[in-house]
Structure formats: C-alpha cells, structure tokens
2 protein chains.
Amino acid sequence: MAVRECRTTFVSGLDVALDVAGGKWKGLILWALSDGPKRFGQLRRCLSGVSEKMLIQHLRELERDEVVHREVHQAVPPRVDYSLTAFGATLVEALRPLSDWGTEHRSRLEAVRTAAARPAPGKTAAL
Amino acid sequence: MAVRECRTTFVSGLDVALDVAGGKWKGLILWALSDGPKRFGQLRRCLSGVSEKMLIQHLRELERDEVVHREVHQAVPPRVDYSLTAFGATLVEALRPLSDWGTEHRSRLEAVRTAAARPAPGKTAAL
DNA sequence: CCCGGCACTCACCTTTTGGTAAGTACCCCA
DNA sequence: TGGGGTACTTACCAAAAGGTGAGTGCCGGG
C-alpha cells in the first residue's frame, strides 16, 4: 500500500517465455530446428545426451505451444518430421540476444565462479 | 560420424545465460533493480510471494556472477543496498526481447494451452 | 516489557525436473 | 531367426529447485 516502491507491471513476460523455452533441452531443440526440419531420430542424435523421454516430452510441449510443427508421414517405417513454425521462429529470434550474451560472457562467468568457489587463493581477501 | 546432421556449435550460450538468470525470481529481481538500487526489505516487498530464503539465495548468486552489487552500510539497524552492475545492465538488455516476446504472446499461449488441456470441448475428437 | 522491523541463517519438507530402463508394433536385412 | 532401426510409452527413481517456519542480535516505539 506504500507509494509504490517498485514496478510490478510486465514482470511476467519473462516467466511466460521461460515457461515455453525454459526446459533443459528446449533451446537446443529450437536451435536445431531453426536449421531446418528434422526427424525424431535426427534430433535425438543432434542433442547428444538427451533421453528419448525428455526429447518427446519437450517436443510435445513445444508442439502444444505451437512453436514446433509435427508431421506424421504414414509410411512403412514410421516417419515423423518436426519443424519450426513461424511463431517458433519469432521465439528463436527473441532468444538470440540472450544466447549471444551467454556466448560472449561465458569465460568471464566461469572465471568469476571459479574465484568465488575457492575462498582463499593466495592473497588475503581484502575486505 | 554422419555428414553433420545438425549444428552443434554455440548451443551453450543460452545455457550459460539461463544459468545466470534462470531462477524463479531472478528476472523479477533484475527488473526491480533496473529501476534503481533497492534495500533487501524493499525487494522482498516488491517480489510479493518470494520467501526470504529464495530471495537471499538468488541475490547471492547474482552477486557472485557480478550482475548485482551488494553494499553494506554499517548502521544501527542493518542496512544493505542491492544494485545492478554495468554487467548486470547488459544482461537485462539481453533479457528484454524475450520478456517482450512473452508479454506480446501471453494471451495466445494461454488460449492454446487451455484448448490443449480439454480434449473434447464439444466436437467429437476425430481419431 | 514485549513486539516489530532490520537482514539474515538454518533445518526440514514438498514439488518439479530430469534420467534409466524396459516394453510396444512393425519392418528390413543378413 | 534374430538384430537393428523407426517412433514412441510407461513405471520407477534421483537430484535439484523451491517453500515453511523457526531462530539470531540489535534497536526503537507503544
């Protein structure tokens, strides 16, 4: 009830976006698909380390959110193609600055965290 | 070993950035501080719903990553000011497009998810 | 004199997230 | 005949993230 200490408007935009793109593998999936449509098995091989369960789960969520399109080809061995929708492409674009930021500052962050992890390196921590 | 099915370069930029800004309240904290320095209690009131534990934990991580600055004023009632560093400001900028995207498409996403949540609205789901 | 606010810290618990491993149904190839 | 590839589903588990509530020391106000 105070005079307004802080801005509360907006706020949630980030939550919304991270709810869509915030899974462990979603960025990778989006990125892989921004290179062109891929089949399920292709994606699995691209995202080395991902389990089938997580890959499908994330793909289902991305499909529900209409950022990826799933197309089933009725064929002898099952064949499913995943691709970015136009909407998905806007998300990838919105993600890019953040990705660039991370790429640009990765080494700085690593250094800073390493330094923070060991309390007494050699010099006395002045304070 | 294949001819290269997909791009694996980069990738991690997003992971790095989300590791810094990806907590439940970090976006809110960053946003609140981008409006100007705040005291601990002020932040707590701004981010209604946050527990003290999470607020401190996130602030400590942001401080370690050098995106926020913590300044203790030796005073009769303890007084601590938190502010964005210049580095933190670059992160806020990188976050903005994503926040804008979320704000812009929130209602679309809500609609799509509501529709996906109820399998049979009125029409028989053919299949 | 006790209560509340300041800025925390700590122990414990629940929820969410991600991972493992197995099974399904079908087909081709050796 | 059976092993591998296709695209999944399911049950169970572990780890991480987040939340609750209490305690700390010091002070001013009612």
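In what follows, chains carry the letters A, B, and so on, assigned in the order in which the sequence lines appear, proteins first and then strands, with residues in each chain numbered from 1.
- In terms of the ring-ring contact (aromatic ring centres under 6.0 Å, His included) criterion, residue partners of H105(A) (sequence neighbours excluded) are, by chain and number, W101(A), F87(B).
- Considering only residues two or more places apart in sequence or on other chains, E93(B) meets the salt bridge (Lys or Arg N to Asp or Glu O under 4.0 Å) condition with R96(B).
- Legend: residues meeting salt bridge (Lys or Arg N to Asp or Glu O under 4.0 Å) with E52(A), ordered by chain and number and at least two apart, are R44(A).
- Take R64(A) and apply the salt bridge (Lys or Arg N to Asp or Glu O under 4.0 Å) test, not counting sequence neighbours, and it matches no residue.
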Show me the side-chain donor-acceptor pairs of residues 67-77 of chain A shorter than 3.5 Å, one per line, residues at least two apart or across chains.
unit_1: R70(A); atom_1: NE; unit_2: Y82(A); atom_2: OH; d: 3.3
unit_1: H73(A); atom_1: NE2; unit_2: D81(A); atom_2: OD2; d: 3.0

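- Taking atom NZ of K38(A) as the reference point, atom P of dT6(D) lies 15 Å away to the nearest angstrom.
- Checked against salt bridge (Lys or Arg N to Asp or Glu O under 4.0 Å), E104(B) has no partners two or more places apart in sequence or in another chain.
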Could you list the protein-to-nucleotides 28-30 of chain D atom pairs, N/O on both sides, closer than 3.5 Å?
none

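- Listed by first and then second residue, the side-chain hydrogen bond (donor to acceptor under 3.5 Å, both in side chains) pairs involving residues 18-29 of chain B are R113(A)-D19(B), K26(B)-E61(B) (not counting sequence neighbours).
- L28(A) places none of its side-chain heavy atoms less than 4.5 Å from the side chain of L14(B).
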### Message
Please encode protein proximity along nucleotides 3-19 of chain C as a string of B, S and -, counting only heavy-atom distances under 4.0 Å.
### Response
---BSBBBB------BB
